[in-house]
Novice: 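Okay, here's the structure, questions in a sec.
Along the sequence shown, the residues carry numbers beginning at 1.
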Amino acid sequence: MTVGFIGLGVMGQPMALNLARAGTELIVWNRTPERAGPLRAAGAMVAAGPAQVFAEAQTVILMLADDRVIDEVLGRGTGRFAAMVGGRTVVHMGTTAPAYSAGLAADVTAAGGAYTEAPVSGSRGPAETGDLVVMIAGGDPGIEAVLRPMCREIVRCGAVPGALLMKLAVNTFLISMVTGLAEAFHFAERHGLDQRTLLAALDAGPMASAVSRVKGRKLTDRDFTVQAALRDVLYNSELIVGAARQAGIVSPLLDVCRDLYARADADGHGGADMAAVIRAFAH
């Protein structure tokens, strides 16, 4: 079975490469053509456009930036949409508002296609090593075999949009944790404490995790090479706050986090790793 993959960004490219290396017959497309080069070298076919991907593949994975880009690529709202997705399985692996995903699922189904929601937890490192956690809602259970080369765990989350709601719940913890870590380093720095001693104390204690170790080293070294882009974290924060408001619940921690990431983005750090939120504290 040929699998299509659209969206070869920071996450999408290593995810698609893991599929290709696992022997998946793959056809890919990206708006920036040079991003497809490593996939071509790994044996994947590179399409001229989204329509060719859907023409060649029964299952098409979308790893795109946001809902606007998805609608543009799929031609949603035009005659192109039904012609592409009819008879195909669309797997939405990016992060969008849950309500948007529910609407997209309805449109794909109405056009004669099938829809699976499969957002991921993890940054570029786990994407490269195939250690992502995939949350799935809807779709045929057989889709898990297609996704397996990209991930360490698959968690079933019921019906659409359960997987995206779960992703936002997971990211509530992740974002508040990394922001708190950045504040700890800012606090220590302003009190003249040695940053590496702080890192050693954190690594030795009960709060240590894979995330705290990676982000702690970035904060110690002020190495903000992107793993999870700050601008993407701001986008996720806005989705969480929006979903909370829609449900009539409060999100005090994420309200503050959103404002801090917005400040850092406005100061020009949007393309850096999310650990660069420490710049907002300095500001």
Novice: Is it true that M45 and L62 fall in one hydrophobic cluster, defined by side-chain heavy atoms closer than 4.5 Å?
Specialist: yes
Novice: Atom OG of S237 and atom CD1 of I175: how far apart are they, to the nearest 0.5 Å?
Specialist: 3.5 Å
Novice: Identify whether the distance between the nearest side-chain nitrogen and carboxylate oxygen of D267 and R263 falls below 4.0 Å.
Specialist: yes
Novice: Heavy atoms only: give me the nearest V46-A36 pair and the separation to one decimal.
Specialist: CG1-CB, 3.9 Å
Novice: For a 4.5 angstrom cut-off between non-hydrogen side-chain atoms, does Y100 reach D66?
Specialist: no
Novice: Roughly how far, to the nearest 0.5 Å, is CG of D140 from OG1 of T116?
Specialist: 7.5 Å
Novice: Walk me through it: do F224 and L219 pass the test side chain to side chain contact (heavy atoms under 4.5 Å, CB included)?
Specialist: CA-CA 8 Å; F224 299 132; L219 289 161; 4.3 Å; yes
Novice: Can you name the nearest heavy-atom pair linking M84 to L74, along with the distance?
Specialist: CE-O, 3.3 Å
Novice: Might you point out which heavy atoms bring P119 and G94 nearest each other, and give the distance in Å?
Specialist: CB-O, 3.7 Å
Novice: Do V85 and I6 land in one hydrophobic cluster if side-chain heavy atoms of ILVMFWY residues count as linked below 4.5 Å?
Specialist: yes
Novice: Report the C-alpha distance between M177 and M207 in whole Å, list the side-chain angles of each, state the deciding distance to 0.1 Å, and finish with yes or no for side chain to side chain contact (heavy atoms under 4.5 Å, CB included).
Specialist: CA-CA 10 Å; M177 176 174 60; M207 293 90 69; over 6 Å; no
Novice: Less than 4.0 Å between a side-chain N and a carboxylate O, is that true for R196 and D221?
Specialist: yes
Novice: Do we see a donor-acceptor contact under 3.5 Å between the side chains of Q195 and T220?
Specialist: no
Novice: Establish whether I61 and M1 are linked, either directly or via other cluster members, by ILVMFWY side-chain heavy-atom contacts under 4.5 Å.
Specialist: yes
Novice: Judged by modelled atom types alone, do Y235 and T95 share a side-chain donor-acceptor pair under 3.5 Å?
Specialist: no
Novice: If you look at every heavy atom in G270 and D265, which pair is closest and at what distance?
Specialist: CA-OD1, 3.2 Å
Novice: For F81 and D71, run side chain to side chain contact (heavy atoms under 4.5 Å, CB included): C-alpha distance rounded to whole Å, both residues' side-chain angles, the deciding distance at 0.1 Å, then the answer.
Specialist: CA-CA 9 Å; F81 179 79; D71 286 349; over 6 Å; no
Novice: Do M11 and M93 touch side chain to side chain, with heavy atoms closer than 4.5 Å?
Specialist: no
Novice: Heavy atoms, side chains only, cut-off 4.5 Å: are L181 and V211 in contact?
Specialist: no
Novice: Would you indicate whether the side-chain heavy atoms of F281 and T179 approach each other to under 4.5 Å?
Specialist: yes
Novice: Taking R124 for the side chain and V226 for the main chain, is one N or O donor matched with an acceptor at less than 3.5 Å?
Specialist: yes
Novice: If you measure from OG on S251 to CZ on R258, what distance do you get to the nearest 0.5 Å?
Specialist: 7.0 Å
Novice: Salt bridge check, R76 against D67: does any charged N sit closer than 4.0 Å to a carboxylate O?
Specialist: no
Novice: Kindly indicate whether the side chain of M63, heavy atoms from C-beta on, has any atom under 4.5 Å from the side chain of V120.
Specialist: yes
Novice: Closest heavy-atom contact between A57 and V3?
Specialist: CB-C, 3.8 Å
Novice: Step by step, would you call F187 with L198 a side chain to side chain contact (heavy atoms under 4.5 Å, CB included)?
Specialist: CA-CA 11 Å; F187 177 91; L198 171 60; over 6 Å; no
Novice: Looking at D273 and A228, would you say the former's side chain and the latter's main chain have a donor-acceptor pair under 3.5 Å?
Specialist: yes
Novice: Check whether any side-chain N or O of T78 sits under 3.5 Å from a backbone N or O of R80 as a donor-acceptor pair, and report yes or no.
Specialist: yes
Novice: Measure the shortest side-chain to side-chain distance between E183 and L260 over non-hydrogen atoms and say whether it is less than 4.5 angstrom.
Specialist: no
Novice: Does the distance from a Lys or Arg side-chain N to an Asp or Glu carboxylate O, for D203 and R217, drop under 4.0 Å?
Specialist: yes
Novice: Would you give me the side-chain donor-acceptor pairs under 3.5 Å for residues 142-166, sequence neighbours excluded?
Specialist:
{"unit_1": "E144", "atom_1": "OE2", "unit_2": "R156", "atom_2": "NE", "d": "3.1"}
{"unit_1": "R156", "atom_1": "NH1", "unit_2": "G138", "atom_2": "O", "d": "3.1"}

Novice: Report the distance from atom NE2 of H269 to atom CG of L230, rounding to the nearest 0.5 Å.
Specialist: 8.5 Å
Novice: If hydrophobic clusters are built by linking Ile, Leu, Val, Met, Phe, Trp and Tyr wherever their side-chain heavy atoms come under 4.5 Å apart, do V60 and Y115 end up in the same one?
Specialist: yes
Novice: Side chain to side chain donor-acceptor pair (under 3.5 Å) with N171: which residues, sequence neighbours excluded?
Specialist: N236
Novice: Quick one: do I136 and V170 end up in the same hydrophobic cluster if we chain Ile, Leu, Val, Met, Phe, Trp and Tyr together by side-chain heavy atoms under 4.5 Å apart?
Specialist: no
Novice: What are the two closest non-hydrogen atoms of A47 and Q52, and how far apart are they?
Specialist: CA-OE1, 3.3 Å
Novice: Return the CE to CG distance between M274 and L234, rounded to the nearest 0.5 Å.
Specialist: 11.0 Å
Novice: Side chains of L17 and L39, heavy atoms from C-beta outward: is any pair under 4.5 Å?
Specialist: yes
Novice: Mind checking the CZ-CD spacing from R88 to E56? Nearest 0.5 Å is all I need.
Specialist: 9.0 Å
Novice: Does some side-chain heavy atom of L8 sit less than 4.5 Å from a side-chain heavy atom of V28?
Specialist: yes
Novice: Say whether, by atom type as modelled, one donor and one acceptor occur between the side chain of Q13 and the main chain of R35 under 3.5 angstrom.
Specialist: yes
